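The block underneath contains the structure these notes are about, expressed in structure tokens.
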Amino acid sequence: MPQLRPPPVPDESDFTSRLRSPAVAARVGVWLGICFAIAFITGLISHEAYVHHPFIAFPTRPVWLYRVTQGLHVTTGTAAIPLLLVKLWTVFPKLFSRPPKKVGLLLVESLERGSIAVLVASSIFQLASGLLNSSQWYPWGFDFRATHYAMAWVAIGALIVHIAVKLPVIRDVLGADIDAGLHDRESMAAAAPISRRGLVRSAFLASGVAVLATAGSTVPLLRRVSVFEIRTGAGPAGIPINTSAKHAGVIPAALSDSYRLTIAYGGRELSFSRQDLEQLRQRTHDLPIACVEGWSASGTWTGVRLRDLLDLVGAPAGHDVRVVSMQTRGAFGTTVLPNQFVDDPLTLLALGLHGEKLALDHGYPCRLIAPDRPGVFQTKWVRKLEVIA
Amino acid sequence: MTAIRAVLIAAGAAAGAFGISLLLGLGQRNLIATVEWLAGGVVLHDGIVGPAVIAAAFVVGRVFRGRVPAAVIVGGIVLATVTVVAIPVLGRFGQRPDNTTLLDGSYGVGWLVFAGLTLLLVLALVVRGRRTSGRADEGGGHGTGPGRR
């Protein structure tokens with residue numbers, strides 16, 4: 001009669017593939033770490049561009065800075081997904097390692113495993129929430145921007161702890177041949193259909209393919225191979241939109257004959273119809289529109305220089321401006337434009353794009369377009385500019 | 001090296017603590033929703049993705065009777081991980097009726113082209129590998145003993 005046994009719980013030693021080795025994990029991990037570092041730094045830059053009172057005043061030059069940093073942020077996050085999946089595969093047996101019996105060792109190991117749990121959970125969280133946000137899919141109950149920012153600190157902190165804990169192993173396995181077998185488990189002996197080098201290269205290949213397949217939303221040259229780009233680049237006047245006029249609830253007000261733009265400074269107020277604005281001196285600048293979701297596009301905008309308008313109410317330089325939109329929905333109906341953007345000669349109140357009258361979805365009758373600003377701050381359907389004293 | 005490790009651990013712990021303090025400052029509802037997603041990600045990976053990959057590897061091993069060509073593994077890794085990246089666009093979950101400039105690609109066709117090209121490449125490499133190993137030696141093929149590339 002067969003002996004009754006409890007259902008088998010796998011042990012670390014049951015995983016016999018040669019591929020699940022620290023030599024593989026460290027090599028994939030180096031590039032994963034580089035992706036995380038770039039995503040973290042570019043994320044901090046984006047955070048600085050968003051907050052009302054940043055640590056450092058956000059620069060207006062180069063005009064493409066935010067386009068590049070945010071494109072990099074989303075691209076490195078995308079590149080990290082295949083790398084993380086392969087990395088987690090190589091270390092999967094660790095999940096089943098038996099805890100040590102000595103109390104002291106148990107404590108150290110508990111701390112280490114705790115930090116790994118935080119690292120894995122926060123890494124999956126960051127990459128998944130970032131990926132979903134880039135496609136404007138928000139199936140969660142948390143505030144994305146604030147939570148993604150908070151968890152970025154948790155993930156990068158856990159990563160630094162992980163590198164510190166593993167430093168001797170990392171040095172050993174990176175300093176030796178990938179097949180040298182340093183720090184391999186004894187059970188790691190089974191032949192695999194692919195070499196360790198082959199697995200590392202497959203991870204890099206998958207990462208590269210993921211980037212090529214998605215980056216067309218921000219790198220127009222990649223459009224043809226970017227089969228999974230969030231936006232093909234189509235839109236009114238050849239530029240996509242994020243918030244439509246319908247969604248913003250502006251259609252009757254934006255098309256109304258009684259539309260007036262109000263400019264206020266101190267006690268002075270001036271109001272302009274769209275025709276009045278067209279009578280003022282028009283300027284044309286090439287400026288990118290770059291959104292936090294990673295997509296961007298370059299546009300040729302025509303309109304009135306913001307500084308010229310403010311001069312009409314006698315507002316001196318060096319003041320921030322509150323920009324009020326007609327939009328009734330969304331968190332960015334009223335924004336504050338910092339003074340360096342207010343006084344920049346490239347900042348326009350745009351009336352046209354690519355030689356056409358500004359489309360309703362692009363912000364007709366007029367919209368703000370400033371150099372090096374996140375897209376959500378390029379306020380559309382502007383109804384009031386108020387110089388903050 | 002001990003000093004470097006100690007500094008790194010202190011710096012990492014400080015960064016993590018800062019992040020957690022930010023998270024706590026976002027309120028209890030936000031915290032609960034975040035913890036659900038943190039735990040959900042780990043459960044999804046360790047409970048479903050990890051075992052599913054093991055099961056898939058077992059099936060592939062059976063299909064090829066223990067002699068799986070390397071190209072099949074490479075193709076599988078690329079196809080599976082890139083498909084994970086493409087889930088949000090393939091499902092068009094963020095699509096909105098009022099914005100036709102968002103999620104406006106032919107993603108299903110794109111995926112079929114991507115998967116088809118990957119399969120074709122794998123097939124070509126497998127056929128080429130069979131021919132070469134047939135000419136070379138019977139037992140060689142895809143062994144990966146220490147020292148082999």
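Just so it is clear, the structure is predicted and the values come from calculations on it, not from any experiment. Sequence lines set the chain letters: A, B, ... in the order given, protein chains first and strands last, and positions in each chain run from 1.
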With respect to chain B, which residue among [options] yields the maximal number of heavy-atom pairs within a distance under 4.5 Å?
options: A/A189, A/P82, A/G141, A/S17; result: A/P82
options: A/A152, A/P168, A/P10; result: A/P168
options: A/N242, A/V86, A/I230; result: A/I230
options: A/T147, A/L85, A/I124; result: A/T147
options: A/I163, A/T214, A/L131, A/I81; result: A/L131
options: A/I156, A/L205, A/V161, A/T232; result: A/T232

Just so I understand: if I count every heavy-atom pair under 4.5 Å between each of [options] and chain A, which residue has the most?
options: B/L24, B/V82, B/I32; answer: B/V82
options: B/I87, B/V85, B/T83, B/V7; answer: B/V85
options: B/L23, B/L31, B/I4; answer: B/L23
options: B/G16, B/A11, B/G110, B/G12; answer: B/G12

I'd like to know if [X] and [Y] make a salt bridge, using a cut-off of under 4.0 Å between side-chain N and carboxylate O.
X: A/R197; Y: A/D177; answer: yes
X: A/D361; Y: A/K246; answer: no
X: A/K166; Y: A/E112; answer: yes

Between [X] (side chain) and [Y] (backbone), is there a donor-acceptor pair under 3.5 Å?
X: A/E293; Y: A/N133; result: no
X: A/H362; Y: A/I239; result: yes
X: A/R18; Y: A/M188; result: no
X: A/R20; Y: A/P93; result: no
X: A/S207; Y: A/A79; result: yes
X: A/S226; Y: A/R223; result: no
X: A/R196; Y: A/I178; result: yes

Tell me whether the centres of the aromatic rings in A/F40 and A/Y149 are closer together than 6.0 Å. no
For B/W111 and B/Y107, I'd like to know if the aromatic rings sit close, meaning centre-to-centre distance below 6.0 Å.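 That pair fails the under 6.0 Å test.
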Checking heavy atoms, do the side chain of [X], its backbone, both or neither come under 4.5 Å from chain A?
X: B/V53; answer: side chain
X: B/R92; answer: neither
X: B/L26; answer: side chain
X: B/F114; answer: side chain
X: B/I54; answer: side chain

In terms of heavy-atom proximity below 4.5 Å to chain B, should [X] be classed as side chain, backbone, both, or neither?
X: A/A234; result: both
X: A/V225; result: neither
X: A/Y138; result: neither
X: A/L95; result: side chain

To the nearest 0.5 Å, atom CH2 of A/W295 lies from atom OG of A/S134 at 13.0 Å
Please round to the nearest 0.5 Å and tell me the distance separating atom CG of B/L103 and atom CZ of A/R231.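 Reported value, rounded in 0.5 Å steps: 7.5 Å.
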Where along residues 117-125 of chain B does a heavy atom come under 4.5 Å of chain A, listed by residue number? none
Select all residues of residues 33-49 of chain B having any heavy atom within less than 4.5 Å of some heavy atom of chain A, and report them by number, or 'none'.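 Residues B/A33, B/T34, B/W37, B/L38, B/G41, B/V42, B/H45, B/D46 are the ones that qualify, each having a heavy atom under 4.5 Å from chain A.
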Identify the residue among A/L182, A/D184, A/L199 that makes a side chain to side chain contact (heavy atoms under 4.5 Å, CB included) with A/S21.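 For A/S21, the side chain to side chain contact (heavy atoms under 4.5 Å, CB included) test succeeds with only one of A/L182, A/D184, A/L199, which is A/D184.
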Heavy-atom pair with the smallest gap, counting every atom of [X] and [Y]:
X: A/L360; Y: A/A245; answer: CG-CB, 3.7 Å
X: A/G198; Y: A/I194; answer: C-CD1, 3.6 Å
X: A/S135; Y: B/P88; answer: OG-CB, 3.2 Å

How about A/R171: does its CZ atom have over 12 heavy atoms from other parts shown lying under 6.0 Å from it?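 Check fails, neighbour count at 12 or below.
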